[in-house]
Novice: 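Here it is: the structure, laid out below.
All values below were derived from every heavy atom in this structure, side-chain atoms included, with hydrogens, water molecules and symmetry-related copies excluded. In what follows, chains are A, B, ... by sequence order, proteins preceding strands, each numbered from 1.
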Amino acid sequence: QVTLKESGPGMLQPSQTLSLTCTFSGTSLSTSNMGLSWLRQPSGKGLEWLASIWNNDNYYNPSLRSRLTISKETSKNQVLLKFTSMEPADTATYYCARNWDYYWYFDFWGPGTMVTVSS
Amino acid sequence: IQMTQSPSLLSASVGDRVTLSCKAGQNINNYLAWYQQKLGEAPKLLIYNANSLQTGIPSRFSGSGSGTDYTLTISSLQPEDVATYFCQQYNSWTTFGGGTKLELK
């Protein structure tokens with residue numbers, strides 16, 4: 001059974017860096033046909049893909065690339081995301097999700113973690 | 001690639017056949033997925049590659065389409081289908097539609 005769970009600070013101030021952790025089980029980043037991704041969703045709005053990691057390759061949303069860093073800790077079954085220069089417009093629920101079989105759809109999702117950016 | 005869903009709000013009765021539309025800004029070669037998101041929950045994958053039903057999803061859900069135009073059909077609407085539905089293209093990077101909110105009439 002594949003499970004994912006996000007963890008984060010809940011709230012941070014403008015200009016700070018957001019650090020998020022996705023801890024997963026029932027799947028392995030050592031599998032070549034699997035990726036893990038981060039997405040976000042402002043309250044009441046649509047979904048936006050942020051970044052993905054497949055084996056040793058990282059992929060970023062071109063419009064946010066300069067602010068994002070995705071990495072993995074394989075031994076801990078974790079994928080990390082750092083998001084710099086956070087602003088109130090970045091307030092959203094942040095999700096991690098699995099990509100499977102070399103496709104970019106998301107077959108398993110974590111419950112999400114809410115991040116509020118406010119002074 | 002811009003994804004446009006219609007309608008943004010749909011009201012239907014239990015037992016109705018419901019059709020949701022998703023239009024891509026360019027040909028996405030059937031690299032399209034549909035998700036269901038209930039209030040306060042994460043999205044759930046329903047359909048991938050335009051017409052493949054994800055494991056565990058009821059057969060009343062089906063996907064069709066090609067090129068730029070895709071459809072999610074619920075053959076007989078159930079109360080538990082009340083949710084917002086999103087389409088996603090993954091032909092070029094990945095982007096989502098704005099969603100269709102499905103409510104009971």
Novice: Side-chain contact test, heavy atoms from C-beta onward, threshold under 4.5 Å: evaluate it for A:Asn56 versus A:Lys72 and give yes or no.
Specialist: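 Side chain of A:Asn56 against side chain of A:Lys72, heavy atoms only: contact under 4.5 Å found.
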Novice: For a quick test of reading the model, state the closest non-hydrogen atom pair linking A:Asn55 to A:Leu29 and the distance between them.
Specialist: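 Shortest heavy-atom contact: OD1-O, 4.0 Å.
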Novice: Kindly indicate whether the side chain of A:Leu18, heavy atoms from C-beta on, has any atom under 4.5 Å from the side chain of A:Asp90.
Specialist: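 Side-chain contact under 4.5 Å: no.
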Novice: Does any heavy atom of chain A fall under 4.5 Å from the side chain of B:Ala33, the backbone, both, or neither of them?
Specialist: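 Interface part for B:Ala33: side chain.
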Novice: Using the side-chain contact (heavy atoms from CB on, under 4.5 Å) rule, take B:Leu104 and B:Val14 through it: C-alpha gap first, then chi angles, then the decisive distance, then the call.
Specialist: CA-CA 7 Å; B:Leu104 287 179; B:Val14 173; 3.9 Å; yes
Novice: I'd like to know if the side chain of A:Ser19 pairs up with that of A:Lys82 as donor and acceptor (distance under 3.5 Å, no hydrogens or angles considered).
Specialist: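 Yes, a side-chain donor-acceptor pair sits under 3.5 Å.
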Novice: Taking donor and acceptor roles from the modelled atom types, list the N and O pairs under 3.5 Å across chain A and chain B.
Specialist:
from     : atom 1 : to      : atom 2 : distance (Å)
A:Gln41  : OE1    : B:Gln37 : NE2    : 2.8
A:Gln41  : NE2    : B:Gln37 : OE1    : 2.9
A:Tyr95  : OH     : B:Gln37 : NE2    : 3.3
A:Trp104 : O      : B:Gln88 : NE2    : 2.7
A:Phe106 : N      : B:Tyr35 : OH     : 2.8

Novice: Quick check: is B:Leu32 connected to B:Phe96 through a chain of hydrophobic side chains (ILVMFWY, heavy atoms under 4.5 Å apart)?
Specialist: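 Looking at the clustering, B:Leu32 is in a separate group from B:Phe96.
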